[in-house]
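So you know, we letter chains A, B, ... as the sequences are listed, proteins then strands, and number each from 1.
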Number of protein chains: 2
Amino acid sequence: MKKKDTTQRILDAAEALFAEKGVSNTSLREITSRAGVNLASVNYHFGSKLGLVEAVLKRRLDPLNKERLKRLQAIKREADSTGKAPSVRAIMQAIFEPILIMVDTQAFIRIIARSMTDPDETVKNVFLREIGPVFRLMFSLLMRALPHVPKDVLFWRVQFALGAMGHSLWAIGRVKMVPEGVDASISRDRLLELWLDFCTEGLENP
Amino acid sequence: MKKKDTTQRILDAAEALFAEKGVSNTSLREITSRAGVNLASVNYHFGSKLGLVEAVLKRRLDPLNKERLKRLQAIKREADSTGKAPSVRAIMQAIFEPILIMVDTQAFIRIIARSMTDPDETVKNVFLREIGPVFRLMFSLLMRALPHVPKDVLFWRVQFALGAMGHSLWAIGRVKMVPEGVDASISRDRLLELWLDFCTEGLENP
DNA sequence: GTCTATAGATTGATAGAC
DNA sequence: GTCTATCAATCTATAGAC
(Lines give C-alpha, C1' and ligand atoms only; values in the text may rest on other atoms or scores of the structure.)
Protein backbone atom coordinates (compact mmCIF):
# COMPACT_ATOMS: atom_id res chain seq x y z
CA MET A 1 0.00 0.00 0.00
CA LYS A 2 1.47 3.30 -1.09
CA LYS A 3 2.00 5.98 1.50
CA LYS A 4 -0.36 8.86 1.01
CA ASP A 5 0.74 12.03 -0.65
CA THR A 6 2.26 14.59 1.75
CA THR A 7 -0.27 17.18 0.68
CA GLN A 8 -3.11 14.83 1.53
CA ARG A 9 -1.61 13.86 4.86
CA ILE A 10 -1.32 17.50 5.85
CA LEU A 11 -4.87 18.23 4.74
CA ASP A 12 -6.25 15.28 6.68
CA ALA A 13 -4.38 16.12 9.85
CA ALA A 14 -5.27 19.80 9.62
CA GLU A 15 -8.91 19.01 8.99
CA ALA A 16 -9.13 16.80 12.06
CA LEU A 17 -7.41 19.33 14.28
CA PHE A 18 -9.25 22.37 12.95
CA ALA A 19 -12.53 20.55 13.42
CA GLU A 20 -11.59 19.54 16.94
CA LYS A 21 -10.02 22.68 18.35
CA GLY A 22 -10.58 25.49 15.90
CA VAL A 23 -8.12 27.07 13.51
CA SER A 24 -6.28 29.39 15.84
CA ASN A 25 -5.94 26.84 18.60
CA THR A 26 -4.04 24.59 16.22
CA SER A 27 -0.36 25.12 15.46
CA LEU A 28 1.48 24.01 12.37
CA ARG A 29 3.69 21.88 14.59
CA GLU A 30 0.70 19.89 15.81
CA ILE A 31 -0.47 19.40 12.27
CA THR A 32 2.83 18.26 10.85
CA SER A 33 3.61 15.96 13.76
CA ARG A 34 0.19 14.32 13.47
CA ALA A 35 0.64 14.02 9.73
CA GLY A 36 4.13 12.60 10.17
CA VAL A 37 5.70 15.18 7.88
CA ASN A 38 8.20 17.96 8.28
CA LEU A 39 7.20 21.34 9.64
CA ALA A 40 8.55 23.19 6.63
CA SER A 41 6.44 21.17 4.23
CA VAL A 42 3.33 23.14 5.08
CA ASN A 43 4.84 26.31 3.75
CA TYR A 44 6.26 24.49 0.78
CA HIS A 45 2.91 23.04 -0.27
CA PHE A 46 0.49 25.72 0.89
CA GLY A 47 2.53 28.89 1.19
CA SER A 48 1.33 29.77 4.65
CA LYS A 49 -1.02 28.72 7.40
CA LEU A 50 -3.76 30.81 5.79
CA GLY A 51 -3.18 28.98 2.54
CA LEU A 52 -3.59 25.70 4.37
CA VAL A 53 -6.80 26.84 6.04
CA GLU A 54 -8.24 27.82 2.68
CA ALA A 55 -7.23 24.53 1.13
CA VAL A 56 -8.70 22.49 3.97
CA LEU A 57 -12.03 24.25 3.71
CA LYS A 58 -12.19 24.32 -0.06
CA ARG A 59 -11.51 20.62 -0.38
CA ARG A 60 -14.82 19.97 1.36
CA LEU A 61 -16.93 23.03 0.68
CA ASP A 62 -16.29 23.13 -3.03
CA PRO A 63 -17.76 19.73 -4.02
CA LEU A 64 -20.41 20.07 -1.32
CA ASN A 65 -21.75 23.33 -2.66
CA LYS A 66 -21.45 22.16 -6.25
CA GLU A 67 -23.68 19.22 -5.40
CA ARG A 68 -26.14 21.46 -3.59
CA LEU A 69 -26.26 23.82 -6.53
CA LYS A 70 -26.85 20.95 -8.93
CA ARG A 71 -29.82 19.76 -6.91
CA LEU A 72 -31.28 23.20 -6.48
CA GLN A 73 -30.97 23.83 -10.20
CA ALA A 74 -32.83 20.60 -10.90
CA ILE A 75 -35.61 21.77 -8.58
CA LYS A 76 -35.70 25.10 -10.36
CA ARG A 77 -35.91 23.48 -13.80
CA GLU A 78 -38.75 21.27 -12.62
CA ALA A 79 -40.62 24.27 -11.21
CA ASP A 80 -39.99 26.33 -14.34
CA SER A 81 -41.25 23.64 -16.68
CA THR A 82 -44.30 22.53 -14.71
CA GLY A 83 -45.18 25.99 -13.42
CA LYS A 84 -45.78 24.46 -10.00
CA ALA A 85 -44.22 25.84 -6.83
CA PRO A 86 -41.20 23.86 -5.66
CA SER A 87 -41.42 21.82 -2.45
CA VAL A 88 -39.94 23.36 0.68
CA ARG A 89 -38.83 19.97 1.91
CA ALA A 90 -37.04 19.21 -1.35
CA ILE A 91 -35.21 22.53 -1.21
CA MET A 92 -34.02 22.00 2.33
CA GLN A 93 -33.07 18.44 1.56
CA ALA A 94 -30.86 19.71 -1.24
CA ILE A 95 -28.98 21.75 1.36
CA PHE A 96 -28.48 19.09 4.00
CA GLU A 97 -28.36 15.72 2.30
CA PRO A 98 -25.19 16.32 0.27
CA ILE A 99 -23.30 16.64 3.56
CA LEU A 100 -24.27 13.11 4.53
CA ILE A 101 -23.72 11.61 1.12
CA MET A 102 -20.28 13.05 0.59
CA VAL A 103 -18.99 11.99 3.96
CA ASP A 104 -15.85 10.01 4.18
CA THR A 105 -14.68 10.81 7.68
CA GLN A 106 -16.19 11.97 10.92
CA ALA A 107 -13.95 15.02 10.68
CA PHE A 108 -15.66 15.96 7.45
CA ILE A 109 -18.96 16.70 9.16
CA ARG A 110 -17.25 18.63 11.89
CA ILE A 111 -15.23 20.78 9.56
CA ILE A 112 -18.46 21.75 7.82
CA ALA A 113 -20.12 22.60 11.10
CA ARG A 114 -17.02 24.39 12.29
CA SER A 115 -16.79 26.45 9.13
CA MET A 116 -20.13 28.01 10.04
CA THR A 117 -18.97 29.26 13.44
CA ASP A 118 -15.18 29.43 13.72
CA PRO A 119 -14.20 32.96 14.72
CA ASP A 120 -11.21 32.98 12.39
CA GLU A 121 -11.49 35.59 9.64
CA THR A 122 -10.25 33.36 6.86
CA VAL A 123 -12.71 30.65 7.78
CA LYS A 124 -15.60 33.07 7.69
CA ASN A 125 -14.54 34.54 4.38
CA VAL A 126 -14.04 31.22 2.63
CA PHE A 127 -17.32 29.89 3.98
CA LEU A 128 -19.33 32.90 2.82
CA ARG A 129 -17.70 33.03 -0.59
CA GLU A 130 -18.30 29.34 -1.18
CA ILE A 131 -21.89 29.25 -0.05
CA GLY A 132 -23.00 32.52 -1.68
CA PRO A 133 -24.52 31.16 -4.91
CA VAL A 134 -26.16 28.27 -3.09
CA PHE A 135 -27.75 30.59 -0.59
CA ARG A 136 -29.13 32.93 -3.23
CA LEU A 137 -30.66 30.15 -5.30
CA MET A 138 -32.10 28.47 -2.23
CA PHE A 139 -33.68 31.71 -1.11
CA SER A 140 -35.24 32.49 -4.47
CA LEU A 141 -36.72 29.00 -4.64
CA LEU A 142 -38.11 29.30 -1.13
CA MET A 143 -39.76 32.57 -2.11
CA ARG A 144 -41.53 30.77 -4.92
CA ALA A 145 -42.49 27.92 -2.62
CA LEU A 146 -43.81 30.26 0.06
CA PRO A 147 -45.23 33.33 -1.68
CA HIS A 148 -47.43 34.13 1.31
CA VAL A 149 -44.45 34.54 3.66
CA PRO A 150 -42.95 38.06 3.69
CA LYS A 151 -39.36 38.11 2.45
CA ASP A 152 -37.96 39.53 5.65
CA VAL A 153 -39.67 36.87 7.72
CA LEU A 154 -38.51 34.18 5.36
CA PHE A 155 -34.97 35.44 5.63
CA TRP A 156 -34.88 34.89 9.37
CA ARG A 157 -36.62 31.56 9.15
CA VAL A 158 -33.87 30.43 6.82
CA GLN A 159 -31.31 31.62 9.35
CA PHE A 160 -33.07 29.53 11.97
CA ALA A 161 -33.01 26.47 9.75
CA LEU A 162 -29.32 26.89 8.96
CA GLY A 163 -28.46 27.50 12.59
CA ALA A 164 -30.32 24.35 13.55
CA MET A 165 -28.45 22.40 10.91
CA GLY A 166 -25.03 23.69 11.92
CA HIS A 167 -25.57 23.15 15.60
CA SER A 168 -26.90 19.63 15.23
CA LEU A 169 -24.10 18.66 12.87
CA TRP A 170 -21.70 19.90 15.45
CA ALA A 171 -23.45 18.08 18.28
CA ILE A 172 -23.70 14.75 16.51
CA GLY A 173 -21.45 12.23 18.19
CA ARG A 174 -20.32 14.60 20.88
CA VAL A 175 -23.33 15.66 22.86
CA LYS A 176 -22.29 16.82 26.30
CA MET A 177 -25.55 17.25 28.11
CA VAL A 178 -27.96 14.38 27.79
CA PRO A 179 -31.01 14.16 30.05
CA GLU A 180 -31.52 10.86 31.84
CA GLY A 181 -33.23 8.19 29.82
CA VAL A 182 -32.50 9.86 26.49
CA ASP A 183 -30.54 8.11 23.81
CA ALA A 184 -28.73 10.91 22.03
CA SER A 185 -27.02 8.71 19.51
CA ILE A 186 -28.56 9.06 16.10
CA SER A 187 -27.87 7.99 12.56
CA ARG A 188 -27.17 10.65 9.99
CA ASP A 189 -30.19 9.72 7.94
CA ARG A 190 -32.41 9.99 10.98
CA LEU A 191 -30.96 13.39 11.83
CA LEU A 192 -31.72 14.57 8.31
CA GLU A 193 -35.28 13.35 8.62
CA LEU A 194 -35.84 15.04 11.98
CA TRP A 195 -34.31 18.27 10.76
CA LEU A 196 -36.46 18.28 7.63
CA ASP A 197 -39.59 17.75 9.72
CA PHE A 198 -38.57 20.48 12.11
CA CYS A 199 -37.68 23.19 9.70
CA THR A 200 -40.23 22.45 6.99
CA GLU A 201 -42.85 22.98 9.65
CA GLY A 202 -41.24 26.20 10.80
CA LEU A 203 -40.70 27.59 7.31
CA GLU A 204 -44.21 26.89 6.08
CA ASN A 205 -45.89 28.38 9.12
CA PRO A 206 -48.48 30.95 7.93
CA MET B 1 -18.22 61.25 36.56
CA LYS B 2 -16.12 58.64 38.31
CA LYS B 3 -13.80 56.53 36.25
CA LYS B 4 -14.92 52.94 36.15
CA ASP B 5 -13.27 50.29 38.22
CA THR B 6 -10.26 48.66 36.58
CA THR B 7 -11.82 45.23 36.95
CA GLN B 8 -14.93 46.40 35.12
CA ARG B 9 -12.95 48.09 32.38
CA ILE B 10 -11.04 44.89 31.73
CA LEU B 11 -14.21 42.82 31.72
CA ASP B 12 -15.92 45.18 29.28
CA ALA B 13 -12.98 45.30 26.90
CA ALA B 14 -12.46 41.55 27.05
CA GLU B 15 -16.14 40.88 26.46
CA ALA B 16 -16.20 43.05 23.37
CA LEU B 17 -13.06 41.49 21.93
CA PHE B 18 -13.96 37.90 22.79
CA ALA B 19 -17.36 38.42 21.22
CA GLU B 20 -15.82 39.93 18.11
CA LYS B 21 -12.85 37.68 17.44
CA GLY B 22 -13.07 34.73 19.77
CA VAL B 23 -11.04 34.02 22.87
CA SER B 24 -7.85 32.69 21.36
CA ASN B 25 -7.64 35.38 18.71
CA THR B 26 -7.54 38.02 21.42
CA SER B 27 -4.35 38.85 23.30
CA LEU B 28 -4.11 40.32 26.76
CA ARG B 29 -2.31 43.30 25.25
CA GLU B 30 -5.26 44.10 23.04
CA ILE B 31 -7.58 43.87 25.98
CA THR B 32 -5.57 46.08 28.30
CA SER B 33 -4.86 48.70 25.68
CA ARG B 34 -8.55 48.90 24.80
CA ALA B 35 -9.43 49.11 28.47
CA GLY B 36 -6.77 51.75 29.06
CA VAL B 37 -5.16 49.79 31.86
CA ASN B 38 -1.81 48.19 32.44
CA LEU B 39 -0.96 44.80 31.01
CA ALA B 40 -0.02 43.37 34.40
CA SER B 41 -3.37 44.29 35.90
CA VAL B 42 -5.08 41.36 34.21
CA ASN B 43 -2.98 38.89 36.10
CA TYR B 44 -3.33 40.90 39.28
CA HIS B 45 -7.13 40.92 39.15
CA PHE B 46 -7.90 37.63 37.43
CA GLY B 47 -4.84 35.46 37.97
CA SER B 48 -4.50 34.42 34.36
CA LYS B 49 -6.10 34.70 30.96
CA LEU B 50 -8.23 31.65 31.76
CA GLY B 51 -9.41 33.35 34.92
CA LEU B 52 -10.43 36.35 32.87
CA VAL B 53 -12.28 34.22 30.35
CA GLU B 54 -14.22 32.56 33.13
CA ALA B 55 -15.05 35.88 34.75
CA VAL B 56 -16.22 37.41 31.47
CA LEU B 57 -18.56 34.53 30.77
CA LYS B 58 -19.86 34.15 34.31
CA ARG B 59 -20.74 37.82 34.61
CA ARG B 60 -23.33 37.32 31.89
CA LEU B 61 -24.27 33.67 32.04
CA ASP B 62 -24.83 33.58 35.75
CA PRO B 63 -27.69 36.11 36.03
CA LEU B 64 -29.03 35.02 32.66
CA ASN B 65 -29.43 31.41 33.69
CA LYS B 66 -30.73 32.38 37.11
CA GLU B 67 -33.49 34.33 35.43
CA ARG B 68 -34.25 31.47 33.06
CA LEU B 69 -34.40 29.05 35.94
CA LYS B 70 -36.75 31.35 37.86
CA ARG B 71 -39.13 31.50 34.93
CA LEU B 72 -39.02 27.79 34.28
CA GLN B 73 -39.69 27.08 37.94
CA ALA B 74 -42.73 29.33 37.81
CA ILE B 75 -43.99 27.40 34.81
CA LYS B 76 -43.40 24.15 36.66
CA ARG B 77 -45.27 25.34 39.74
CA GLU B 78 -48.18 26.43 37.61
CA ALA B 79 -48.27 23.07 35.86
CA ASP B 80 -47.94 21.17 39.13
CA SER B 81 -50.77 23.02 40.80
CA THR B 82 -53.24 23.07 37.90
CA GLY B 83 -52.33 19.63 36.61
CA LYS B 84 -52.34 21.04 33.08
CA ALA B 85 -49.47 20.55 30.66
CA PRO B 86 -47.19 23.58 30.38
CA SER B 87 -47.13 25.59 27.16
CA VAL B 88 -44.28 24.92 24.76
CA ARG B 89 -44.19 28.54 23.74
CA ALA B 90 -43.91 29.71 27.33
CA ILE B 91 -41.05 27.31 28.01
CA MET B 92 -39.10 28.47 24.98
CA GLN B 93 -39.82 32.08 25.80
CA ALA B 94 -38.30 31.52 29.23
CA ILE B 95 -35.09 30.50 27.50
CA PHE B 96 -34.80 33.30 24.97
CA GLU B 97 -36.47 36.37 26.44
CA PRO B 98 -34.10 36.85 29.38
CA ILE B 99 -31.30 37.45 26.89
CA LEU B 100 -33.14 40.42 25.45
CA ILE B 101 -34.29 41.83 28.76
CA MET B 102 -30.92 41.69 30.45
CA VAL B 103 -29.12 43.35 27.60
CA ASP B 104 -27.02 46.35 28.28
CA THR B 105 -24.62 46.28 25.39
CA GLN B 106 -24.51 44.86 21.92
CA ALA B 107 -21.50 42.85 23.01
CA PHE B 108 -23.66 41.13 25.59
CA ILE B 109 -25.72 39.35 22.99
CA ARG B 110 -22.68 38.37 21.04
CA ILE B 111 -20.83 36.95 24.00
CA ILE B 112 -23.85 34.74 24.70
CA ALA B 113 -23.94 33.57 21.11
CA ARG B 114 -20.18 33.13 21.05
CA SER B 115 -20.22 31.11 24.24
CA MET B 116 -22.27 28.49 22.42
CA THR B 117 -19.76 28.01 19.62
CA ASP B 118 -16.28 29.24 20.57
CA PRO B 119 -13.82 26.37 20.13
CA ASP B 120 -11.92 27.32 23.27
CA GLU B 121 -12.06 24.62 25.95
CA THR B 122 -12.65 26.97 28.85
CA VAL B 123 -15.52 28.64 27.06
CA LYS B 124 -17.19 25.32 26.39
CA ASN B 125 -16.76 24.13 29.95
CA VAL B 126 -18.10 27.28 31.57
CA PHE B 127 -21.04 27.41 29.19
CA LEU B 128 -22.06 23.80 29.83
CA ARG B 129 -21.65 24.04 33.57
CA GLU B 130 -23.73 27.20 33.73
CA ILE B 131 -26.56 26.04 31.52
CA GLY B 132 -26.82 22.52 32.90
CA PRO B 133 -29.67 22.98 35.41
CA VAL B 134 -31.60 25.19 32.98
CA PHE B 135 -31.35 22.61 30.26
CA ARG B 136 -32.51 19.77 32.46
CA LEU B 137 -35.54 21.64 33.76
CA MET B 138 -36.46 22.88 30.30
CA PHE B 139 -36.29 19.37 28.94
CA SER B 140 -38.41 17.84 31.68
CA LEU B 141 -41.06 20.52 31.16
CA LEU B 142 -41.06 19.96 27.42
CA MET B 143 -41.59 16.26 28.01
CA ARG B 144 -44.69 17.09 29.99
CA ALA B 145 -45.86 19.52 27.36
CA LEU B 146 -45.31 17.05 24.55
CA PRO B 147 -45.96 13.56 25.94
CA HIS B 148 -46.66 12.19 22.47
CA VAL B 149 -43.17 13.07 21.19
CA PRO B 150 -40.55 10.37 21.87
CA LYS B 151 -37.79 11.56 24.18
CA ASP B 152 -35.02 10.95 21.68
CA VAL B 153 -36.86 12.92 19.02
CA LEU B 154 -37.59 15.71 21.45
CA PHE B 155 -33.93 15.86 22.39
CA TRP B 156 -32.89 16.62 18.84
CA ARG B 157 -35.71 19.07 18.29
CA VAL B 158 -34.45 20.99 21.31
CA GLN B 159 -30.99 20.98 19.77
CA PHE B 160 -32.46 22.44 16.60
CA ALA B 161 -34.23 25.16 18.55
CA LEU B 162 -31.11 26.08 20.49
CA GLY B 163 -29.00 26.07 17.36
CA ALA B 164 -31.47 28.36 15.66
CA MET B 165 -31.36 30.70 18.64
CA GLY B 166 -27.60 30.83 18.84
CA HIS B 167 -27.12 31.36 15.15
CA SER B 168 -29.69 34.12 14.87
CA LEU B 169 -28.35 35.91 17.93
CA TRP B 170 -24.98 35.79 16.32
CA ALA B 171 -26.28 37.00 12.98
CA ILE B 172 -28.31 39.88 14.35
CA GLY B 173 -26.76 43.14 13.30
CA ARG B 174 -24.01 41.52 11.29
CA VAL B 175 -25.61 39.56 8.52
CA LYS B 176 -23.19 39.05 5.67
CA MET B 177 -25.33 37.59 2.96
CA VAL B 178 -28.60 39.33 2.30
CA PRO B 179 -30.64 38.55 -0.82
CA GLU B 180 -31.75 41.51 -2.88
CA GLY B 181 -34.86 43.26 -1.65
CA VAL B 182 -34.66 41.78 1.82
CA ASP B 183 -34.42 43.97 4.88
CA ALA B 184 -32.37 41.91 7.31
CA SER B 185 -32.49 44.47 10.09
CA ILE B 186 -34.76 43.36 12.87
CA SER B 187 -35.65 44.36 16.40
CA ARG B 188 -34.87 41.99 19.21
CA ASP B 189 -38.52 41.61 20.13
CA ARG B 190 -39.37 40.73 16.59
CA LEU B 191 -36.61 38.17 16.43
CA LEU B 192 -37.93 36.56 19.59
CA GLU B 193 -41.41 36.42 18.09
CA LEU B 194 -40.21 34.85 14.84
CA TRP B 195 -38.07 32.36 16.68
CA LEU B 196 -40.93 31.34 18.95
CA ASP B 197 -43.20 30.82 15.95
CA PHE B 198 -40.54 28.81 14.19
CA CYS B 199 -39.53 26.46 16.93
CA THR B 200 -42.89 26.06 18.62
CA GLU B 201 -44.17 24.77 15.33
CA GLY B 202 -41.20 22.44 14.93
CA LEU B 203 -41.31 21.13 18.49
CA GLU B 204 -45.03 20.41 18.50
CA ASN B 205 -44.99 18.58 15.20
CA PRO B 206 -46.65 15.17 15.70
C1' DG C 1 10.73 17.68 -2.18
C1' DT C 2 12.48 17.04 2.45
C1' DC C 3 15.14 18.22 6.13
C1' DT C 4 17.70 21.17 10.07
C1' DA C 5 18.28 25.29 12.08
C1' DT C 6 16.91 29.55 13.18
C1' DA C 7 15.16 34.16 12.48
C1' DG C 8 11.68 37.39 14.00
C1' DA C 9 7.48 38.35 16.13
C1' DT C 10 4.08 37.68 19.66
C1' DT C 11 2.34 35.59 23.51
C1' DG C 12 1.08 34.87 28.76
C1' DA C 13 3.13 35.61 32.90
C1' DT C 14 6.01 37.71 36.64
C1' DA C 15 9.57 40.19 39.43
C1' DG C 16 10.29 44.25 41.69
C1' DA C 17 10.15 49.47 42.11
C1' DC C 18 6.85 52.85 43.42
C1' DG D 1 -3.00 48.62 43.05
C1' DT D 2 -0.23 50.24 39.24
C1' DC D 3 3.67 50.51 36.58
C1' DT D 4 8.17 49.14 33.77
C1' DA D 5 10.92 45.77 32.19
C1' DT D 6 11.69 41.39 30.94
C1' DC D 7 11.60 36.26 30.86
C1' DA D 8 10.51 32.01 28.77
C1' DA D 9 7.69 29.76 25.69
C1' DT D 10 5.48 29.44 21.45
C1' DC D 11 4.35 30.66 17.05
C1' DT D 12 4.78 31.30 11.72
C1' DA D 13 7.89 31.59 8.28
C1' DT D 14 12.26 31.02 5.80
C1' DA D 15 17.15 30.23 4.45
C1' DG D 16 20.06 26.83 2.88
C1' DA D 17 22.09 21.98 2.89
C1' DC D 18 20.96 17.65 0.96
Side-chain angles (χ1 to χ4, degrees), chain A residues 1-59 111 114 118-126, chain B residues 1-59 111 114 118-126:
Chain A
M1 188 156 75
K2 247 203 215 148
K3 220 174 87 176
K4 257 193 194 164
D5 190 44
T6 297
T7 303
Q8 294 298 318
R9 298 171 63 85
I10 294 173
L11 285 172
D12 290 342
E15 174 172 280
L17 288 166
F18 289 164
E20 185 73 22
K21 323 195 305 168
V23 165
S24 53
N25 292 305
T26 304
S27 70
L28 294 181
R29 281 171 176 77
E30 271 178 287
I31 294 168
T32 51
S33 92
R34 176 177 181 135
V37 302
N38 189 271
L39 171 61
S41 60
V42 169
N43 278 20
Y44 178 81
H45 288 284
F46 300 98
S48 68
K49 185 180 180 180
L50 285 188
L52 173 59
V53 172
E54 274 210 36
V56 166
L57 292 176
K58 276 188 173 165
R59 177 170 68 145
I111 201 73
R114 172 71 81 204
D118 196 292
D120 183 272
E121 273 301 315
T122 308
V123 175
K124 281 191 286 202
N125 291 339
V126 172
Chain B
M1 189 156 77
K2 245 202 216 150
K3 221 174 90 179
K4 258 194 195 163
D5 190 44
T6 296
T7 303
Q8 293 298 316
R9 297 170 63 86
I10 294 174
L11 285 172
D12 290 342
E15 173 172 282
L17 288 165
F18 289 164
E20 185 74 22
K21 325 192 307 167
V23 164
S24 53
N25 291 306
T26 304
S27 69
L28 294 182
R29 282 169 177 78
E30 269 178 290
I31 294 168
T32 51
S33 90
R34 176 175 181 138
V37 303
N38 190 272
L39 170 62
S41 60
V42 169
N43 278 21
Y44 178 80
H45 288 284
F46 300 97
S48 68
K49 185 179 180 181
L50 285 188
L52 174 59
V53 172
E54 273 210 37
V56 166
L57 292 176
K58 276 188 176 167
R59 177 169 69 144
I111 200 73
R114 173 70 80 202
D118 196 294
D120 183 272
E121 273 301 314
T122 308
V123 175
K124 280 191 286 202
N125 291 339
V126 173

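- Atom CD1 in A:I10 sits about 11 Å away from atom P in C:dG1, given to the nearest Å.
- Within the nucleic acid shown, A:T26 comes within 4.0 Å of sugar-phosphate atoms alone, with no base atom in reach, counting heavy atoms only.
- Interatomic distance, B:D12 CG to B:R59 CZ, rounded to the nearest 0.5 Å: 4.5 Å.
- Here A:D120 pairs with A:V23, A:D118, A:T122, A:V123 under the side-chain contact (heavy atoms from CB on, under 4.5 Å) rule; sequence neighbours left out.
- Applying the 4.0 Å criterion to OP1 and OP2 of C:dT2, one finds that A:T6 has a side-chain N or O inside that range.
- Taking atom CZ on A:R9 and atom P on C:dT2, their separation rounds to 11 Å, with Å as the unit.
- Listed by chain and number, the residues in a side chain to side chain donor-acceptor pair (under 3.5 Å) with A:S24 are B:S24, B:N25 (sequence neighbours excluded).
- The interatomic distance linking B:N25 (CG) with D:dT10 (C1') rounds to 16 Å, in whole Å.
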Using distance only, find each side-chain donor-acceptor pair of residues 34-47 of chain A under 3.5 Å and give its atom names and separation, not counting sequence neighbours.
{"unit_1": "A:N38", "atom_1": "OD1", "unit_2": "A:A40", "atom_2": "N", "d": "2.8"}
{"unit_1": "A:S41", "atom_1": "OG", "unit_2": "A:N38", "atom_2": "O", "d": "2.4"}
{"unit_1": "A:H45", "atom_1": "ND1", "unit_2": "A:T7", "atom_2": "OG1", "d": "3.3"}

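- Applying the salt bridge (Lys or Arg N to Asp or Glu O under 4.0 Å) test to B:E54 and every residue at least two apart in sequence or in another chain returns B:K58.
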Between the protein and nucleotides 13-18 of chain C, which nitrogen or oxygen pairs come in under 3.5 angstrom?
{"unit_1": "C:dA13", "atom_1": "OP2", "unit_2": "B:K49", "atom_2": "N", "d": "2.8"}

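- Between the C1' atom of D:dA9 and the CD atom of A:E30 lies a distance of 15 Å, rounded to the nearest Å.
- Every pair passing side chain to side chain donor-acceptor pair (under 3.5 Å) that includes a residue from residues 13-23 of chain A is listed here, sequence neighbours excluded: A:E15-A:R60, A:E20-A:R174, A:K21-A:E30.
- Look at CD1 on B:I31: it is 11 Å from P on C:dT11, rounded to the nearest Å.
- Among the heavy atoms of the strands lying under 4.0 Å from A:S27 are primed sugar atoms or P, OP1, OP2 only; no base atom is included.
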